[in-house]
Amino acid sequence: MLTELEISKLWVEGHKKAKKKIKKCYFPGCNEKSINSHILQKNGILSQISKNSHVWEKKINQFSKENFFFEERGLNNVFAFNCFCSNHDKELFKKIEDNIIDFNDYESCLLFTLRTLYNEIYRKEILVEQIKFLMKSNKSSEMNLEFLLEFMKQQLLGIKDLQENEEDIWTDYNNGTENFIFQYREITKIDICLCAFYNYETTSEMHDYKLAKGKDMERISEVFINFFPYNNKSILLMGYNKKDEKKLKPYINTFFKESEAKVQTKITNLLMFACETWVVSEKLYKTKIQKVEDIFIAAIHYAIDNNNEREFFKVNIFKETYYSEMQKVKRYVC
């Protein structure tokens with residue numbers, strides 16, 4: 001069998017080739033070459049939490065001994081994706097980059113969600129191409145092809161689910177309709193930038209449904225979240241499709257009706273259990289994450305092993321008590 005180093009090298013090589021293959025603008029009907037751009041504004045939002053143009057990012061490598069780790073990265077490389085050509089990257093998002101952002105404006109919220117959605121589609125398409133590269137390599141006979149096929153299947157299903165929301169976003173943008181519900185609030189500023197989507201349904205719930213019905217869920221309820229510093233506060237912006245309102249409204253409302261401390265705890269849990277795309281400042285990493293990094297990563301594995309991404313611990317990364325709270329988490333996850 002391949003060594004960890006050998007498969008990691010193949011994985012990196014496959015990633016480079018995949019990025020070169022996915023190069024056309026995602027704007028409907030546009031055939032121009034896409035450029036490297038950012039999910040959140042590089043100058044003005046990401047730069048607020050950087051030091052020497054660097055931040056700390058949670059990374060994932062499915063084929064290394066430790067799947068999750070933290071790495072210092074330059075602003076040009078974090079929150080970066082090749083989804084839009086130069087013209088559409090500039091013109092389409094002008095409202096949320098060149099002006100004071102109005103979070104009560106539906107279209108502005110839609111644009112944040114559009115970038116979040118396309119970053120997720122882009123990441124999954126990259127993963128699919130990486131897997132294809134591995135399976136076509138001259139080392140494929142030494143790999144677990146069953147695992148690779150199942151992993152690729154999950155990415156393709158994820159893309160299909162996201163494309164349903166993609167259609168509704170463009171319908172709204174072009175016709176002035178409102179297929180989504182957005183809510184935002186301001187809370188105490190912290191050096192975290194988060195742009196992600198996550199499924200409300202847990203892996204366990206989806207698995208149980210498939211066992212009972214003999215098929216995958218017809219529709220997955222997707223939550224879109226943006227969380228970032230702006231005007232000396234941190235903005236929490238969440239959205240979901242009206243088709244999922246019955247299931248998601250009670251859950252989402254807790255983020256906007258409960259106390260700030262409870263919301264901070266919810267965000268902390270999302271960082272550990274549900275969301276993949278987030279970065280923090282060097283200061284926050286070294287004061288809050290580094291010294292309990294082993295517990296943090298163990299908590300991620302704990303949720304995966306239990307197939308419950310809605311796992312919840314009373315731990316708040318905003319507070320001075322965070323370190324002692326993480327020691328309590330350790331009893332359960334380590």
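Values in this document were obtained by computation on a predicted structure and should not be read as measured data.
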Can you confirm whether more than 12 heavy atoms, excluding those of F256, are under 6.0 Å from its CZ atom? yes

Does any part of the side chain of S137, heavy atoms only, come nearer than 4.5 Å to the side chain of E13, both counted from C-beta? no

Verify the neighbour count for atom CD of Q154: are there more than 12 heavy atoms of other residues, nucleotides or ligands below 6.0 Å? yes

One pair to check against side chain to side chain contact (heavy atoms under 4.5 Å, CB included): M206 and D216. What are the steps and the verdict? CA-CA 7 Å; M206 290 187 281; D216 292 317; over 6 Å; no

Between T202 and N307, does a side chain to side chain contact (heavy atoms under 4.5 Å, CB included) hold up when you go through it step by step? CA-CA 7 Å; T202 65; N307 292 324; over 6 Å; no

Is there a donor-acceptor pair closer than 3.5 Å between any side-chain N or O of N241 and the backbone N or O of K243? yes

Is atom CG of N174 surrounded by more than 12 heavy atoms (other residues, nucleotides or ligands) closer than 6.0 Å? yes

Using the rule that two of Ile, Leu, Val, Met, Phe, Trp, Tyr join whenever any of their side-chain heavy atoms come within less than 4.5 Å, decide whether L92 and L237 are in one cluster. yes

Should M326 and I317 count as side-chain neighbours, where that means a heavy-atom distance under 4.5 Å? no

Hydrophobic clusters join Ile, Leu, Val, Met, Phe, Trp and Tyr when side-chain heavy atoms are under 4.5 Å apart, directly or via other members; which others share one with L157? none

Within one Ile-Leu-Val-Met-Phe-Trp-Tyr cluster: I220 and I225, side-chain cutoff 4.5 Å: no

Just checking Y251 against Y200, ring centres under 6.0 Å apart? yes

Nearest 0.5 angstrom please: S140 OG to L148 CG, how far? 9.5 Å

With C193 as partner, the option from F79, W278, F227 fulfilling side chain to side chain contact (heavy atoms under 4.5 Å, CB included) is F79

Ion pair K328/E325, N-O distance below 4.0 Å: no

Apply salt bridge (Lys or Arg N to Asp or Glu O under 4.0 Å) to residues R310 and E205 and explain how you reach the verdict. CA-CA 11 Å; R310 288 206 303 276; E205 289 168 346; 2.7 Å; yes

Does S108 reach the main-chain N or O of N104 with its side chain, forming a donor-acceptor pair under 3.5 Å? no

Residue list, side chain to side chain donor-acceptor pair (under 3.5 Å) with Y122, at least two apart or on another chain: none

Crowded around E71 CD? As in, over 12 foreign heavy atoms under 6.0 Å? yes

Can you list the residues that meet the side chain to side chain donor-acceptor pair (under 3.5 Å) rule with Q264, with sequence neighbours excluded? E260, N316

Any residue meeting ring-ring contact (aromatic ring centres under 6.0 Å, His included) with F273, in chain and number order, not counting sequence neighbours: F313

Tell me which pairs pass side chain to side chain donor-acceptor pair (under 3.5 Å) where either residue lies in residues 218-229, with sequence neighbours left out. T116-N226, E164-R219, N165-E222, E201-S221, Y209-E218, K215-E218, R219-D244

Student check: side-chain heavy atoms of L46 and Q41 closer than 4.5 Å: no

Does a side-chain heavy-atom distance below 4.5 Å link I121 with E166? yes

Give a yes or no on this: more than 12 heavy atoms of other residues, nucleotides or ligands lie within 6.0 Å of atom CG of N99. yes

Got a sec, which residues hit side chain to side chain contact (heavy atoms under 4.5 Å, CB included) with A274, two or more places apart in sequence or on another chain? Y198, L270

Ignoring hydrogens and angles, tell me if any N or O in the side chain of S34 forms a donor-acceptor pair with the backbone of K23 under 3.5 Å. yes

Hydrophobic clustering (ILVMFWY, side-chain heavy atoms < 4.5 Å, transitive) - are M135 and F151 grouped together? yes

Using the benzene-type ring in the case of Trp, are the ring centres of F112 and F228 under 6.0 Å apart? yes

Verdict with reasoning, F312 to K266, per side chain to side chain contact (heavy atoms under 4.5 Å, CB included): CA-CA 8 Å; F312 192 85; K266 289 178 181 290; 4.1 Å; yes

Is there a continuous path of hydrophobic side-chain contacts, each under 4.5 Å between heavy atoms, that joins L162 to M217? no

Sequence neighbours excluded, the answer for ring-ring contact (aromatic ring centres under 6.0 Å, His included) partners of F84 is F93, Y118

How is the hydrophobic cluster of L211 composed, in terms of its other members, when Ile, Leu, Val, Met, Phe, Trp and Tyr link through side-chain heavy atoms under 4.5 Å apart, directly or indirectly? none

State whether the side chain of Q155 and the backbone N or O of K124 hold a donor-acceptor pair below 3.5 Å, judged by distance alone. no

Kindly indicate whether the side chain of I101, heavy atoms from C-beta on, has any atom under 4.5 Å from the side chain of I235. no

Give a yes or no on whether V12 and F81 share a hydrophobic cluster (residues Ile, Leu, Val, Met, Phe, Trp, Tyr; joining criterion: side-chain heavy atoms under 4.5 Å apart). no

Could you tell me whether K291 sits above the aromatic face of Y323, with NZ or CZ closer than 6.0 angstrom to the six-membered ring centre and within 45 degrees of the axis? yes

Check whether any side-chain N or O of K189 sits under 3.5 Å from a backbone N or O of P229 as a donor-acceptor pair, and report yes or no. no

Would you indicate whether the side-chain heavy atoms of V333 and I295 approach each other to under 4.5 Å? yes

Is there a donor-acceptor pair closer than 3.5 Å between any side-chain N or O of E276 and the backbone N or O of A196? no

Taking atom NZ of K242 as the centre, does the number of heavy atoms from other residues, nucleotides or ligands within less than 6.0 Å exceed 12? yes

For H15, check side chain to side chain donor-acceptor pair (under 3.5 Å) against everything at least two apart and list the hits. none

Hey, are E125 and Y26 close enough side-chain-wise for a donor-acceptor pair under 3.5 Å? yes

Are K17 and K20 side-chain neighbours, meaning at least one heavy-atom pair lies under 4.5 Å? no

Take F182 and L110 through the side chain to side chain contact (heavy atoms under 4.5 Å, CB included) test and state the conclusion after the steps. CA-CA 8 Å; F182 296 111; L110 195 70; 4.1 Å; yes

Side chain to side chain donor-acceptor pair (under 3.5 Å) against S47, all qualifying residues, sequence neighbours excluded: none

What residues form a ring-ring contact (aromatic ring centres under 6.0 Å, His included) with H301, not counting sequence neighbours? F68

Would you check if the side chain of K58 reaches a backbone N or O of C275 as a donor-acceptor pair within less than 3.5 Å? yes

Look at the aromatic rings of F70 and Y285 and report parallel, tilted or perpendicular, splitting at 30° and 60°. tilted

Which pairs, with at least one residue in residues 76-87 and sequence neighbours excluded, count as a side chain to side chain donor-acceptor pair (under 3.5 Å)? K42-N76

Between H38 and V78, which heavy-atom pair has the shortest distance, and what is it? CD2-O, 3.1 Å

If we only count heavy atoms from C-beta on, is the S204 to N308 side-chain gap below 4.5 Å? no

